[in-house]
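In what follows, a structure is listed as structure tokens, so that the remarks can point back to it.
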Amino acid sequence: KRFAYRGLVEPIDADAFHFGYERNYVADFRKVPAGFSDYGQWLEEKRETIRKQKRKTRKLEKLHGPLRLEFDSVDPEGFRRIIEWKRRRYQAVKTFDVFSVRWIEGLLEHLHRNGERLKGCLSILYAGDQVVSSHLGMREGRVLHYWFPAFDPAFSFASPGTALFLAICREAASRGIDLID
């Protein structure tokens with residue numbers, strides 16, 4: 001459906017390569033249909049992947065302890081961990097490692113520590129005392145930009161990325177976020 005390029009030697013006619021558009025996923029908490037208490041409940045009803053997640057989460061909790069979300073962590077070790085997980089994943093799937101560009105990691109770290117209007121938001125999901133998944137994104141007002149989710153491969157049996165997304169959805173709404181983009 002698409003190809004990636006890192007730069008151009010000379011201008012091209014981009015329209016010649018345009019085949020269509022892909023919609024991005026948006027979790028809009030303002031549009032939860034009547035009869036549902038929150039966005040997570042609606043997802044559990046409408047999406048098979050989310051419905052199956054309940055069973056996986058129960059197994060994870062049984063093996064390692066209850067899930068706990070640290071929504072906006074300032075832990076520098078947590079920041080370093082997610083960058084390392086993402087780098088390993090990029091290498092495993094043989095795709096461009098965005099963190100190999102030094103200024104990108106530096107900018108994200110700066111926004112994580114110092115952001116105001118646009119602020120880095122690091123969320124960490126624990127099962128008991130173990131970190132199972134994390135997300136590094138940006139918060140801008142009432143919008144959370146979902147950029148870099150990652151998980152510890154040792155917990156892949158429990159789909160920790162999906163568990164993290166659901167936990168973030170539930171917590172984000174209570175923190176005044178209307179939309180996850």
Inset, instruction - Would you please indicate if the ring centroids of Y126 and H64 are separated by under 6.0 Å? - result: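 Not close enough - the centres of the two rings lie 6.0 Å or further apart.
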
Inset, instruction - May I ask whether L63 and L164 are part of the same hydrophobic cluster, defined by side-chain heavy atoms of I, L, V, M, F, W, Y residues being less than 4.5 angstrom apart, directly or through others? - result: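 Same cluster: L63 reaches L164 through Ile, Leu, Val, Met, Phe, Trp or Tyr contacts under 4.5 Å.
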
Inset, instruction - Just do the ring pair (Phe, Tyr, Trp, His ring centres under 6.0 Å) check on H135 and F165 with the steps written out, would you? - result: CA-CA 9 Å; H135 167 260; F165 180 74; 8.9 Å; no

Inset, instruction - Could you walk me through whether S134 and F148 pass side chain to side chain contact (heavy atoms under 4.5 Å, CB included), step by step? - result: CA-CA 8 Å; S134 301; F148 299 106; over 6 Å; no

Inset, instruction - Look at the side chain of Q53 and the backbone N and O of A158, then say whether any donor-acceptor pair between them is shorter than 3.5 Å. - result: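 Checking the backbone N and O of A158 against the side chain of Q53, a donor-acceptor pair under 3.5 Å is found.
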
Please determine whether a side-chain nitrogen of the Lys or Arg among [X] and [Y] lies less than 4.0 Å from a carboxylate oxygen of the Asp or Glu.
| X | Y | result |
| --- | --- | --- |
| E45 | K54 | no |
| K119 | D72 | yes |
| R80 | E109 | yes |
| E48 | R51 | yes |

In the structure I gave you, are the side-chain heavy atoms of [X] and [Y] within less than 4.5 Å of one another anywhere?
| X | Y | answer |
| --- | --- | --- |
| L43 | L166 | yes |
| L108 | M138 | yes |
| W85 | V131 | yes |
| E171 | I168 | no |
| I82 | F151 | no |
| L136 | I83 | yes |

Inset, instruction - Check whether NZ of the Lys or CZ of the Arg R87 lies under 6.0 Å from the centre of the six-membered ring of F99 and within 45 degrees of that ring's axis. - result: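 No, a cation-pi geometry is absent between R87 and F99.
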
Inset, instruction - Using a cut-off of 6.0 Å, state whether more than 12 heavy atoms not belonging to R117 lie near its atom CZ. - result: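 Atom CZ in R117 is not packed in, count stays at 12 or less.
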
Inset, instruction - Evaluate whether atom CG of N114 has more than 12 neighbouring non-hydrogen atoms of other residues, nucleotides or ligands under 6.0 angstrom away. - result: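 Yes, enclosed.
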
Inset, instruction - Grab the two heavy atoms, one from S123 and one from L69, that are nearest each other, plus how far apart they are. - result: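 Smallest heavy-atom distance, with atoms named: CB-CD1, 4.1 Å.
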
